[in-house]
Each structure stands twice: as C-alpha cells, then as structure tokens.
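Convention: sequence-line order gives letters A, B, ...; per-chain numbering from 1.
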Amino acid sequence: MKNITSMPLLPLEFYLQKDAVALSEQLLGKVLCTKINGTLTSGIICETEAYAGIEDKASHAYGDRRTARTETMYQEGGISYVYLCYGIHHLFNVVCNLKDIPHAVLIRGILPLQGVRTILERRGKRILNTQSCIGPGKMSQALGISIELNGVSLTGNKVWIEDLGLTPEPEQIIVSKRIGIDYAEEDANLPYRFEAFNFSS
DNA sequence: CGTACGATCTGCT
DNA sequence: GCAGATCGTACGA
C-alpha cells in the first residue's frame, strides 16, 4: 500500500491560483488518464495551448461571453471543459485558476502510455506511430473523451492527471503560436502553444 | 427561427 | 494541397 505522499494524482491545488499560460507549460510531462467503462487509458502530455480568459481573442470566453457552453470555464479550476468542434471532434481542456476567471488549457497531444490496445481500437488503427495521438481531436478520441466528461472533476475517477516525475528540459520546450485561430487577430500570434517530446525523471 | 462557422481530421489528388 | 464531413453554439432578425 502506497502512502499518501507517493500518490501521483495531481491535487486540486495544482490547478488553482495559476493562469492558463503557466499551467500549459507545467502540464508537459504529466500523465492524462481516463477510465471509461472500466477501461484505463493514459498518455504523457506533450502538446498544450493556453486560452487565457476574457482578454484573449482566441478564447470562447473572450469579451466575458458567459453562455451555457462557456459556463464550465468560469467554474473553479480542477475540472474539465469538453466541447464539440467542427461538429465532429470533442476537444478536451483543463480548467484552471479561480471561480469566475475563465482560463483553460487545451490538451493537444499525448504519447500513449497505458491501454494502447484500446487506444488503437478507438483510433481505428493497426499500429502506433508518433502522430497517432497528436492533435486535439485524435487525443480525445484515443482516451475516449466525449462531451459527457464536460465539467467533471479532475480529481475524480473518470479523468485525472498524474505526476510521475517526468519533466522536460526547459530549453527543449518548443513555444509557438496557437493553431487554427486565425480569427483572433493580433492574439493569434501570442506564444501560447507548448510542445515537449523528451522527458527526464 | 435562420444561418454562419468553428481551439480538426482524413482521404484523395 | 485541398475539399468534405457534420452539428452545436452564438447571435441577429
């Protein structure tokens, strides 16, 4: 039996008092896990994007647009924000910061860790390659994430994030502008996308 | 109520 | 490189 200090589960506090940009970087190397119908799948987070609240023209919450959909982002951090994109893809975000501050981090890619058989089935593939779970739609499909997980706690038993002690070297983190947000005008160029593919423990 | 469009992926050319 | 898929959300009439 492991003692409490060795629990890999990231605690609620990890998601609070922290903006989306900081969290985006800190999530690299963490392990995103889901348990869907009793099946565990997981992967190392290798690509993220920050959506930084009401001032960020790329965010659904830009201009303090508080609607039925964005309400999830306005809740206290430590929950998921899942929405349907292009009518097809369920994109998964980590809500952070405090209540009424709608910051979230889009998880854009993982390196598969557990449940690879299930991941391949969900993705409709025979073999794994480096791109299998890179891309927010592919990532969510791989982990079986759908709209049903919108607003659920990240310290519960459906979806959660673990810290196994893997960290990228700071100089190996690739920072660039976000993908697919040309409508965001000048904010489209903000350096809010983070990638890392080498981790050490 | 109508309509435009999107934090994307895939397969075909 | 590009079109098509596919539907909930947001917003204006």
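Along DNA chain C, the nucleotide nearest to A:Y86 and the one nearest to A:T70 differ in position, and the one closer to the 5' end is contacted by A:Y86.
When rounded to the nearest whole Å, the span between NZ of A:K138 and P of B:dT10 equals 5 Å. The CD1-P distance, from A:I181 to B:dA7, rounds to 9 Å in whole Å. Going from atom NE2 of A:H60 over to atom P of B:dA7 covers 4 Å, rounded to whole Å. Computed from coordinates, the A:I147 CD1 to C:dT6 P distance equals 18 Å when rounded to whole Å. Distance CG (A:D187) to P (B:dA7): 14 Å, rounded to an integer number of Å. Note: CG (A:D182) to P (B:dT8) measures 10 Å, nearest angstrom. Protein atom NE2 of A:H89 is 7 Å distant from nucleotide atom P of B:dT10, rounded to whole Å. Protein atom CG of A:N189 is 17 Å distant from nucleotide atom P of B:dA7, rounded to whole Å.
In this entry C:dT6 has no Watson-Crick or G-U wobble partner, no candidate having both defining distances under 3.5 Å. Pairing for C:dC11 is with B:dG2, a Watson-Crick or G-U wobble pair whose two hydrogen-bonding atom distances lie under 3.5 Å.
Contact annotation: A:Y183 side-chain N/O to B:dA7 OP1/OP2 distance is under 4.0 Å.
Minimum atom distance to the side chain of A:Y51 is reached by B:dA7, of the listed C:dT6, B:dC9, B:dA7. Here the nucleotide nearest the side chain of A:T67, chosen from B:dT10, B:dT8, C:dA10, is C:dA10. Among B:dA7, C:dC11, C:dA5, the nucleotide with an atom closest to any side-chain atom of A:R65 is C:dC11.
Residues A:S176 and A:E195 share a closest heavy-atom pair of OG-OE1, 4.3 Å.
Residue A:R69 is classed as a sugar-phosphate contact, given heavy-atom separations below 4.0 Å to backbone atoms only.
Ion pairing between A:E162 and A:K30 fails under the 4.0 Å rule for side-chain N and carboxylate O. Salt bridge annotation for A:E49-A:R178: absent, with no cationic side-chain nitrogen under 4.0 angstrom from a carboxylate oxygen. The pair A:K99-A:E76 fails the salt-bridge criterion, with no side-chain N (NZ, NE, NH1 or NH2) lying under 4.0 Å from an Asp/Glu carboxylate O.
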